[in-house]
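Fair warning: this is a prediction, and the values are worked out from it, not measured in the lab. Sequence lines set the chain letters: A, B, ... in the order given, protein chains first and strands last, and positions in each chain run from 1.
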2 protein chains.
Amino acid sequence: MALEHAILVSLLEKPGSGYELARRFDRSIGYFWAATHQQIYRVLKRMEGDGLIDVREVAQPDRPDKKEYSVAAPGRTALSRWLHEPIEPESVRHELAVKIRGAAFDDPVALIDEVERHRRAHADRLAHYLAGERRDFTGPEAPGTPDAGQELQHVVLRGGIAYERMTLAWLDDVIATLQRLGPER
Amino acid sequence: MALEHAILVSLLEKPGSGYELARRFDRSIGYFWAATHQQIYRVLKRMEGDGLIDVREVAQPDRPDKKEYSVAAPGRTALSRWLHEPIEPESVRHELAVKIRGAAFDDPVALIDEVERHRRAHADRLAHYLAGERRDFTGPEAPGTPDAGQELQHVVLRGGIAYERMTLAWLDDVIATLQRLGPER
DNA sequence: CTTGTCTATGCAACGAGTTGCATAGAAGGA
DNA sequence: TCCTTCTATGCAACTCGTTGCATAGACAAG
């Protein structure tokens, strides 16, 4: 039930509606935990029923009304409990890696286009992260007053940047390997 | 349905029983696509029904009998079709990243132990990968005869190694950040 | 005035993944 | 003899995640 916790963190950072949360899951927190709006609405409803979050109907003049959610006291407690529980180290799910091994039983060269497409997607993501870093984390560091939230968001973003850089280098390695195998057969 | 394809690849690399596949998913291919034995048995049954794989009952004198599966012609076709289809670039799911951002609303220092536990798990995985690389990919390279399967398994393993190295460096960054935040408050 | 886009919320059906439990033969140690 | 471990297979219940579809107000472009 990690989506629940991701929502709690996001709502603590800033209260918002299901729609707004879905937006945030397209950026920011969603880089590390993806979710669709259907999932979010369903979980929000359950969390409200469990008393973890509060709702407030907000009438908007020039848009459809929305329901603004915020974290209730039991939600804060639940998050704190989860933070103190150990979690399993991630088990990766890399579909492309399965494809690469599968290419041994097909045409390795035919995979190159696909890998290059992934390479472009990761290059885009890296550019996007770097733009976000420049925008949000290059202010004049007021010494002695580092905001914990900012610092932690930044270290997570640095993880995303490191991940994309590593992936780009690896995909170059993959492309070179596939090309090397091509002419041989 | 990527599990189906991972199983096809694994069975092409070497036919085997559900139990043996579950073993492989604890090592090797499972590093990039995790699966439990229950999942594997269920999917094998479905794939057999769909004619993608063949079964052969194998009586074993000093062990329980097993069912050995191998890829049938329609299975090879299905795999080939999948290899030529584009897939979505992975969406990461990093629970620890959610926890790190959540730590801003709790005690950042309390997370250090957990992060160090993850660090150890990743260090173990890296050592394991490196041992596998030494074992399987340091033979005397017969020039001009690179086995495509070997080459591709190696490049995927190199990806795993790069991932673990990057993760270790990032977790060090995370620990340093959490420590920096500690005394400040 | 229709079409498309953006905000905003939701249902229904299905498929994928997890957890707990159950069975059973063979081997080895206490 | 009993207990545990390893091989080997499987069911049932449940939760999580995905896909397709539906509604509806506001606004802009054609």
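Regarding A:I40, its CD1 atom lies at a distance of 15 Å from the P atom of C:dT7, rounded to whole Å. Rounded to an integer number of Å, the gap from CD of A:E88 to P of C:dG17 is 17 Å.
A donor-acceptor contact shorter than 3.5 Å links the side chain of B:R24 to the backbone of B:S10.
The aromatic rings of A:H5 and A:W82 sit parallel, their planes meeting at an angle under 30°, below the 60° perpendicular limit.
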Treating primed atoms plus P, OP1 and OP2 as sugar-phosphate and everything else as base, which nucleotides of nucleotides 7-18 of chain D get B, S or - for protein heavy atoms under 4.0 Å? BBBBB----SBB

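Between the side chains of A:D106 and B:S80, at least one donor N or O sits under 3.5 Å from an acceptor N or O. For B:Y31 and B:R27, the side-chain atoms include no donor-acceptor pair closer than 3.5 Å.
Hydrophobic clustering (ILVMFWY, side-chain heavy atoms < 4.5 Å, transitive): A:Y41 and A:F25 are in distinct clusters.
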